[in-house]
Amino acid sequence: MTTPVVLPKYSIGVGDRFAHQAKAQLQACILAADAGVEVIPVWNKSNREHMIIGSEPTKTRLAADAAVKELGWNKPYFLDADHINLKTVDRFVASCDFYTLDVADLIGKPASAADVEAFVKSHPKLQGEVQIPGLASPFHIDAAFVTSVANKYLAAVQDAGEIYKHIVEKKGAGNFVPEISMDETDSPQTPVELLIILAAIADTGVPIQTIAPKFTGRFNKGVDYVGDVAQFTVEFESDLAAIAFAIKQYGLPANLKLSVHSGSDKFSIYQPIHDAVRKFDAGVHVKTAGTTWLEEIIGLAEAGGDGLALAKEIYAEAFGHREELCAPYATVIDIDAAKLPSPAAVSKWTSEQFTSALRHDQKNPAYNSSLRQLLHVGFKVAAKMGPRYLDLLVANEDVVARNVTGNLFERHIKPIFLGK
Ligand SMILES: [Zn+2]
């Protein structure tokens, strides 16, 4: 048997909605390597994104492979079937080697009473005073609490086991990185819940390498974190400690790490993430997603001429269909309709005005987070334009790529992995 596929310590999830920016994204990882830190790219795309765009995972695979070859990247890289379940996994089997098993729908649906009881009984060490190395004070847990957590999460973990088994049948064990995600749900998981969940995952035999809990605070798409940064920091550090403890206690894979489904651009928590990861000598996977598409628009707007005209047209269309575009993302966006400029006003904008409103520079008084979020969910508009959009991306490749690489490296990789 060959050695199993192992996700290295630091990795970044990148989304490339139209499969045109793999090279520019990989370039950011090359800049990281040049700066002395290995950050492995993982191209992630969810079933929802594929459905909206009308694309197939094979296209993402081709784009990633071509970028890797062209830039001579000789480190690992992965393709993530993001947020899949038993119903949606099959189309990803040929192309992906990273699977985010999304079990959020089963959170809160109780497992069988017998299974819950058996779980609680088989983990006596989860009861009483549980001291986790690296944390100042112990957790006090009783049987009733373990039972309540099992009632909330055991069915979800069992579901992850089913999806995992299904993928193993198709791809063979050890040939892919399994992640379990619980982020797309209402209530965050506390560190002690995470510990209990990891015990249950170990029981199912899923060799998870990353786990994505829901953290405290709001992770809206493409804009900064909204929440209590100090509380997030405490929780994040406790999660790291709980994971390190669970690896030893339950024999989970040694490289198991947290996966932060960031929704991109959570600038105010990047420093705490960096510091905590260093403090605990832990790994981390940070998923970003749709902001590469926004950098494409910024690049086109910056290019002027046809590029700027198309960027304005996309805004006008997105504005006209804002309700329908926002609906699937209602829980992760916060648009103030009163702050959206009219398409007539935008049609008169210069390149500079357009990019200032869209580019995520909170210090720029012209930055408009409502416009940014609307365009963020508006990729369907560009998808419908098809070759009109894609041809302009190709024609303006240099200016688009500069924005894509710069955004990923300067605004994400540097603060998260280099601490700058
Ligand atoms: Zn997620």
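Whatever order the structure lists ligands and atoms in, that order sets their numbers, starting from 1.
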Run the side-chain donor-acceptor check on residues 260-273: report pairs under 3.5 Å with partners two or more places apart or on a different chain.
from   : atom 1 : to     : atom 2 : distance (Å)
His261 : ND1    : His83  : NE2    : 3.2
His261 : ND1    : Asp183 : OD1    : 3.3
His261 : ND1    : Asp183 : OD2    : 3.1
His261 : NE2    : Glu179 : OE2    : 2.6
His261 : NE2    : Lys287 : NZ     : 3.4
Ser262 : OG     : Ser264 : N      : 2.8
Ser262 : OG     : Lys287 : O      : 2.5
Ser264 : OG     : Ala289 : N      : 2.9
Ser264 : OG     : Thr291 : OG1    : 3.4
Asp265 : OD1    : His412 : NE2    : 3.3
Asp265 : OD2    : His360 : ND1    : 2.6
Asp265 : OD2    : Arg372 : NH2    : 2.9
Lys266 : NZ     : Asn220 : O      : 2.6
Lys266 : NZ     : Val223 : O      : 2.7
Lys266 : NZ     : Ser262 : O      : 2.9
Lys266 : NZ     : Ser264 : O      : 2.5
Ser268 : OG     : Asp224 : OD1    : 3.1
Tyr270 : OH     : Asp265 : N      : 3.3
Tyr270 : OH     : Lys266 : N      : 3.4
Tyr270 : OH     : His412 : ND1    : 2.8
Gln271 : NE2    : Asp275 : OD1    : 3.1

Side-chain atoms of residues 139-147: list all donor-acceptor pairs with protein atoms under 3.5 Å, sequence neighbours left out, distances to 0.1 Å.
from   : atom 1 : to     : atom 2 : distance (Å)
Asp142 : OD1    : Ala144 : N      : 3.4
Asp142 : OD1    : Phe145 : N      : 2.9
Thr147 : OG1    : Ala143 : O      : 2.7

- [ ] Quick one: sort the Phe176 and Tyr99 rings into parallel, tilted or perpendicular, breaks at 30° and 60°.
- [x] perpendicular
Would you call Arg61 and Asp97 a salt bridge, taking side-chain N to carboxylate O under 4.0 Å as the test? yes
* Under the 3.5 angstrom rule, does the side chain of His321 hit a backbone N or O of Glu317 as a donor-acceptor pair? -> yes
Sorted by chain and number, protein N/O/S atoms nearer to the Zn ion (ligand 1) than 2.8 Å are His83 NE2, Asp183 OD2, His261 ND1
The ring-ring contact (aromatic ring centres under 6.0 Å, His included) partners of Phe232 (sequence neighbours excluded) come to Phe215, Tyr225, Phe236
